[in-house]
Amino acid sequence: MRDWQKRLCLLARGAFFLFLISPSAFSQAPDGIPRDLARLRAQQIKDVRYELAYNLRPKADSVVGHASLRFVQNASLQDTNARGILSEWLDFREGSVSILTINGHVAPPAIQNGHIELPARFLQLGENVVEIDFIAPVAPAGKAITRFEDKDDGSEYLYTLFVPMDADMAFPCFDQPDLKGKFKLTITAPLDWTVISNSVGQEVMKQGNDAFAIHRIEFAETKPISTYLFAFAAGPFQKVHDTPGLPGLYVRKSKLEKAEAEAESVQQVTADGIKYLSDYFAQPFPFPKYDLVMIPGFAYGGMEHAGATFLREESILFRTAPTHSDRLNRDILLLHELTHQWFGDLVTMRWFDDLWLKEGFAQYMAYHALNSLKPNEDVWKRFYQAIKPAAYGIDSTLGTTPIYQDIPNLKDAKSAYGAIVYSKAPGVIKQLAFVVGEDPFRDGLRLYLKEHAYANAEWNDLVRALESTSKKPLGPWADAWIKRRGMPQVDVYWGCDTQAGTFVLNVRQHDVLNEGTIWPISTQLLIHERGMDTPSTTVLTGPKTAMFVRHGCPDYIFGNNDDYAYGRFLLDPVSRKAVMERLGSINDVFERTLLWGSLWDSVREAEMDPREYIDLALRDLPTEKDESLAQSIIGRTISALHRYVSPAVRTQLVPKMEALAADQMLHARSQDMRITWFRALRGVAETAPARSQLKDMLSGKLTVPGVELRPLDRWNIVASLVALHDSQAEAILADEEKLDPSGDGKKYAYMAEAARPDAKTKKQYFDEYLHNGSRPEDWIEQSLGSFNWWNQTELTAPYLGPALDALPQVKHDRKIFFMLAWLNAFIGGQQSALAQKQVHDFLNTTPLDRDLKLKILEVVDELDRTVKIRGKYQ
């Protein structure tokens, strides 16, 4: 088809689409932001500019603002008046408007269902100017502008968090990712407040007296960015380690001393990452400056606002004694948010159904960058450990979704966040890089970023770029991995002919959800024979490969050497037996890690007795020197003890694990391993001798060589003692509150008290979860696990039903990840068939939106597995 014909075809499609949804489809204010409305606005509006002014005051529950909005109106294909213009809807909710003018005409300042109508009679073709005086809400939780009060010194901080669709709680806007705008911000605030935003600010006014003085800061106009990427933070922030060539780093003033100890390493890995990614993408850093702002109580690990990433303070300033892995995980967080400046900010997904385009690539590229910056850190092993278990876990459930998720309305965009985009997407991207080759993969990303800079794109745009650079058709691959849910299980069947000295090998796949998907898979088989590993690349395009014959007779075969492929790879019975016999003697730590992971998958599939896994861990952990692998094995062993084995078996095995942890905590050679085993003892301690050791650490009678316990280490011990109903727990709790009266201490005390094993406490906390809007969200989230301690299922079972009933409220009021934390706490805190039945009855009898139903199905899967494993092996 000729180029002019293609353009005509596209125009016709656009006209047909607009004919379907205009002009009357949105004559009334819609609910949320439907995709059809967003598409219509994107057709009609361009060149958006916002000039925003806020007057910030301490202790206020709202802010006064003014917005000057400019945009160019295109002619509509279906007119509502002779001038070819439709009315437009601005998005604004939970605030108020006092004055609204459109091109100089005074218009009704009414808010209808979270929208402000811009009547067609006031609009004009070409540029339009809208002036709005408004008030936006401020609160400790549940609003787009959050107020934090520092309990240490009484200081107050304000910060914004808009993703995915909360910008319209802070100012009137077109709150959709594909209507990018240029932002100019002016803030008037107390004189001792520092304000950080997307661009460089300049103080333009200062006035007042010693009692109360203010200043005004004007920020330069930004590059085009989506509304969810605009942000500001204000308060007595201090700039840390201000050094030319390094990104700016800000912290609240009460944490300045602690921040100074960590600043240089945080800034340096970020600066190194900027250089690496700029070179890799062949695209300079896309914004005029880059700041990092540590936000206390921040809802996420980080948020990649263009030019100003906000970071959870606790993720940077460790509240527990950190291990080497903890510091590397912090590097990954910093590089993840940094990568977003290109993948997400420079090029933004058109709609949140393509969320993986930013989150999946940011996660994958964070590890890719770290592997180059720190090549001796076994980064791809860490990638497997951090990424794959969560991905495989959700893809094994009926609550999973495709990577590409259908989001008909932005009010449901929170549902797109989770293990699918943060874990499966980077796992699949790793396979994609293996399929197309490293250089074509890099060149495809460069092409994609170049073609869509400061604009929006869809997953098809990325596929086309990679097809162009790799010269490989990727349509079938993309259709399977991006648009279908679930994953394959890949099974290796083999047998030896000892007389002929050969073995026969067959590889098959099946869809773990039994939905009939056949996955295009490229993997490497690991064939181990007589102490030698032989990788063998295999490509599956159908249900199975042809049978083939090889020389020799392996000891074991594993289907995913070096973790290139995505799927469940269980060991066959012969291989599993051989691996278990020699696992501790396998020198390659990546191979050892993958095999431990496969064994755990066998436990979760009820193909291996959890006691076998625990016994194997008790045998091999004393000689395991890799800190991150030891952490993984220990965590899974404690989960098996608390969930999968019978009380009688747990009673037999817990003292052995306690003794091992106590011994290694004191005698392991490296400090990292001693910290790892301290955490293990705290997690597994149950008997009186183990509790006594924990109490001795609090009192100082027992110390971990070379390790100083930090405040959260101590509070976690206190919470364990409270939950286990230790006879001295309440006195220890009271002593710790006196010892640590800080703001963090108050939060951690709230967490520990939730673990009290009494009905009165549970009722008090649950009521507060739902009805106290002043309680910061991070306090509640941190206390959910304590409330639902593993040994308190009888106490917490009465709250399972009310917790399920509260899901619509939780979804509406809380930030992105809170709902999963809520479900994992209340469903994951149960272990019985009765609780399992209660959840499934709720699913079958309660009208639920698709998002909530899928989230429940995702989380109840672990309860289903617990009941199945216990039923089979007890």
Side-chain angles (χ1 to χ4, degrees), residues 146 148-161 187 189-203 215 217 219 231-275 285 287-322 326-338 340-341 373 708 710-712 742-744 778:
T146 298
F148 173 84
E149 182 181 349
D150 191 335
K151 304 293 184 183
D152 294 337
D153 62 8
S155 298
E156 182 179 353
Y157 298 82
L158 298 180
Y159 65 89
T160 61
L161 183 58
I187 294 280
L191 184 60
D192 64 338
W193 282 19
T194 298
V195 185
I196 308 102
S197 188
N198 305 87
S199 56
V200 176
Q202 181 177 358
E203 186 178 74
H215 63 157
I217 303 100
F219 292 87
F232 64 83
F237 285 101
Q238 304 293 302
K239 197 169 189 179
V240 190
H241 193 245
D242 189 7
T243 305
L246 296 179
L249 180 65
Y250 295 85
V251 69
R252 56 178 161 144
K253 65 179 181 179
S254 66
K255 298 294 183 183
L256 178 60
E257 184 177 348
K258 292 182 179 179
E260 287 173 337
E262 302 288 347
E264 187 172 0
S265 61
V266 169
Q267 291 169 299
Q268 191 60 59
V269 76
T270 304
D272 292 344
I274 290 173
K275 183 180 185 305
F285 186 79
F287 302 101
K289 59 92 179 177
Y290 191 53
D291 289 325
L292 304 170
V293 187
M294 287 181 267
I295 303 290
F298 198 57
Y300 321 138
M303 178 57 209
E304 69 280 5
H305 307 114
T309 285
F310 292 0
L311 298 160
R312 179 183 290 175
E313 186 183 89
E314 294 90 333
S315 299
I316 306 301
L317 307 181
F318 298 112
R319 302 305 203 253
T320 61
D326 294 331
R327 295 189 181 279
L328 288 174
N329 289 337
R330 182 176 68 184
D331 290 345
I332 290 294
L333 170 64
L334 293 167
L335 293 170
H336 173 108
E337 302 304 337
L338 174 62
H340 274 312
Q341 300 297 309
L373 299 177
E708 179 182 356
R710 297 195 180 188
L712 187 52
S742 67
D744 283 346
D778 64 312

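The analysis underlying the following values was restricted to heavy atoms, covering all of them including side chains, and did not include hydrogens, waters or symmetry mates. Keep in mind that this is a model prediction, so the values were computed, not measured. Just so you know, residue 1 is the first one in the sequence shown, and it goes up from there.
- One finds the NZ atom of K253 at 5.0 Å from the CG atom of D153 (value rounded to the nearest 0.5 Å).
- Crowding of E203 atom CD: a count of heavy atoms from other residues, nucleotides or ligands under 6.0 Å exceeding 12.
- A donor-acceptor distance shorter than 3.5 angstrom exists from the side chain of Q341 to the backbone of G307, with no hydrogens or angles considered.
- Ring-centre distance between F237 and Y157: below the 6.0 Å cut-off.
- The closest side-chain donor-acceptor pair between S265 and R330 falls under 3.5 angstrom.
- For the pair V195 and A189, the tightest heavy-atom approach, listed with the atom from each and the gap, is CG2-CB, 4.5 Å.
- The structure places CG of L311 at 10.5 Å from CD of E304, a figure rounded to the nearest 0.5 Å.
- The shortest heavy-atom contact between A263 and H241 is CB-CB, 3.7 Å.
- Using a 4.5 Å cut-off on side-chain heavy atoms (C-beta onward), V293 and Y159 make no contact.
- Nearest heavy-atom pair, I196 versus A308, reported as atom, atom and distance to 0.1 Å: CG2-CB, 4.5 Å.
- No donor-acceptor distance shorter than 3.5 angstrom exists from the side chain of T320 to the backbone of L712, with no hydrogens or angles considered.
- Between R252 and S155, every side-chain heavy-atom pair lies at or beyond the 4.5 Å cut-off.
- Annotation: side chain of M294 is in contact with side chain of L249 (closest heavy-atom distance under 4.5 Å).
- The salt bridge (charged side-chain N to carboxylate O under 4.0 Å, His left out) check on K151 picks up nothing, with sequence neighbours excluded.
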Apply the test side chain to side chain contact (heavy atoms under 4.5 Å, CB included) to residues Y300 and L161: give CA-CA distance (whole Å), side-chain angles for both, the deciding distance (0.1 Å), then the verdict.
CA-CA 10 Å; Y300 321 138; L161 183 58; 3.6 Å; yes
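- In terms of heavy-atom proximity, R312 sits nearest to A299 at NH2-O, 2.8 Å.
- Going from atom CZ of F219 over to atom CD1 of I187 covers 6.5 Å, rounded to the nearest 0.5 Å.
- The residues E314 and K255 are annotated as not salt-bridged, no charged nitrogen and carboxylate oxygen being separated by less than 4.0 angstrom.
- For D326 against A321, the heavy-atom pair with the smallest separation is OD2-O, 4.1 Å.
- Around the NZ atom of K275, the shell of radius 6.0 Å holds no more than 12 heavy atoms that belong to other residues, nucleotides or ligands.
- Rounded to the nearest 0.5 angstrom, H336 NE2 and N329 CG are separated by 13.0 Å.
- Using a distance-only test at 3.5 Å, with no hydrogens or angles considered, a donor-acceptor pair links the side chain of N198 to the main chain of A306.
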Kindly indicate, with the supporting measurements, whether the criterion side chain to side chain contact (heavy atoms under 4.5 Å, CB included) is fulfilled by L334 and T309.
CA-CA 9 Å; L334 293 167; T309 285; over 6 Å; no
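- Note on ring orientation: taking the six-membered ring where Trp is involved, the planes of H305 and F310 are perpendicular (angle over 60°, cut-offs 30° and 60°).
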Applying side chain to side chain contact (heavy atoms under 4.5 Å, CB included) to E313 and R319, what does each step give before you reach the verdict?
CA-CA 10 Å; E313 186 183 89; R319 302 305 203 253; 2.6 Å; yes
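- Of all the heavy atoms in G273 and L338, the pair that sits closest is C-CD2, 3.4 Å.
- Counting heavy atoms from C-beta on, the side chains of R327 and D331 never come closer than 4.5 Å.
- Distance check: T194 OG1 to Q238 CD gives 6.5 Å after rounding to the nearest 0.5 Å.
- A distance of 8.0 Å separates CZ in R710 from NZ in K258, rounded to the nearest 0.5 Å.
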Assess whether side chain to side chain contact (heavy atoms under 4.5 Å, CB included) is satisfied between F148 and I295, documenting all intermediate values.
CA-CA 9 Å; F148 173 84; I295 303 290; over 6 Å; no
